[in-house]
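This report refers to the structure that appears directly beneath it.
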Amino acid sequence: PKVVTAAPVQVETGGIPPEAMMAPVDRAPADAVLVELETNNFTFHPHTFTVQPGQKVAVKIVNNGVPPSGFAIKLPSGPVALKGPVKPGQSAIFVFTAPSKPGEYEFFSPLGPQRFFGMTGMMTVQ
């Protein structure tokens, strides 16, 4: 008989590890630039924003849509995300530090298939 052996290895799924999930804060820190993003169903508005290298950023997500929304951003050190969804009619503030290297960094909603439905945007560091 023919015997086939295999050693399957889990491929990277793009998931966000639990240690990269951060709880929302009540208000933006005084030393952070505040960026307000409105979510409406499967879009962010605006879908782009610009910050300075190494700047502390407070993103306020305001959900004006029907489904819950989320926020995650791909940084050089790995993805970071808001812990938990932002329910319809609610808002949440997520704080992180922008990379020191200028460039473009994708943000998206990590909930279900929302990213694949186009719920993405771009943060420019310059």
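Rounded to the nearest 0.5 Å, atoms OG1 (Thr97) and NZ (Lys56) are 6.5 Å apart. For the atom pair NZ of Lys83 and CE of Met22, the computed distance is 11.5 Å after rounding to the nearest 0.5 Å. Atom-to-atom distance recorded for Asn41:CG and Met119:CE is 8.5 Å, nearest 0.5 angstrom. The CZ atom of Arg27 sits 13.0 Å away from atom CG of Leu34, with the distance rounded to the nearest 0.5 Å.
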Check against side-chain contact (heavy atoms from CB on, under 4.5 Å), Val80 and Ile73: CA-CA 6 Å; Val80 293; Ile73 187 162; 3.6 Å; yes
Salt bridge (charged side-chain N to carboxylate O under 4.0 Å, His left out) evaluation trace for Glu106 with Arg115: CA-CA 11 Å; Glu106 179 189 26; Arg115 180 179 187 184; 2.8 Å; yes
Stepwise side-chain contact (heavy atoms from CB on, under 4.5 Å) test for Ser69 and Ile61: CA-CA 9 Å; Ser69 61; Ile61 299 101; 4.1 Å; yes
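Across Asn40 and Gly65, no two heavy atoms sit closer than the pair OD1-CA, 3.7 Å. The shortest non-hydrogen separation linking Leu111 to Pro85 is CD1-CB, 3.8 Å. Taking both residues in full, the closest heavy atoms of Ala72 and Ala81 are given as CB-CB, 3.6 Å, listed atom of the first, atom of the second, then distance. Here the closest non-hydrogen pair linking Val86 and Gln90 is CG1-O, 3.4 Å. Nearest heavy atoms, Leu82 versus Ala23: CD1-C, 4.4 Å. Ala98 and Val51 make their closest contact through CB-CG2, 3.7 Å (heavy atoms, listed as atom of the first residue, atom of the second, distance).
Phe96 and Phe108 end up in different hydrophobic clusters when Ile, Leu, Val, Met, Phe, Trp and Tyr side chains are linked at under 4.5 Å. One hydrophobic cluster holds both Val125 and Phe44 under the rule that ILVMFWY side chains link at heavy-atom gaps under 4.5 Å.
Proximity of Ile16 to Pro110: side-chain heavy atoms (C-beta onward) are separated by under 4.5 Å at one or more points. Contact check for Asn63 versus Lys87: no side-chain heavy atoms found under the 4.5 Å cut-off. A 4.5 Å side-chain heavy-atom check between Leu37 and Phe71 finds at least one atom pair inside the cut-off. The closest side-chain heavy-atom distance from Thr124 to Thr48 is not below 4.5 Å. The shortest side-chain heavy-atom distance between Gln52 and Pro102 does not fall under the 4.5 Å cut-off. Looking at heavy atoms from C-beta onward, Ser109 lies out of side-chain contact with Thr39 at the 4.5 angstrom threshold. Using a 4.5 Å heavy-atom cutoff, the side chains of Pro29 and Val95 are in contact. Within the 4.5 Å cutoff, no side-chain heavy atoms of Phe49 are placed close to those of Met122.
Classification of Glu38 and Lys60 as a salt-bridged pair fails, no side-chain N sitting under 4.0 Å from a carboxylate O.
Here Glu19 pairs with Pro17 under the side-chain contact (heavy atoms from CB on, under 4.5 Å) rule; sequence neighbours left out. Qualifying side-chain contact (heavy atoms from CB on, under 4.5 Å) partners for Phe42, counting only residues two or more places apart in sequence or in other chains: Pro67, Gln114, Phe117.
Separation of the Phe107 and Tyr105 ring centroids does not fall under the 6.0 Å cut-off.
The side-chain contact (heavy atoms from CB on, under 4.5 Å) test with Val33 singles out one residue from Val57, Thr50, Val59, and that residue is Val57.
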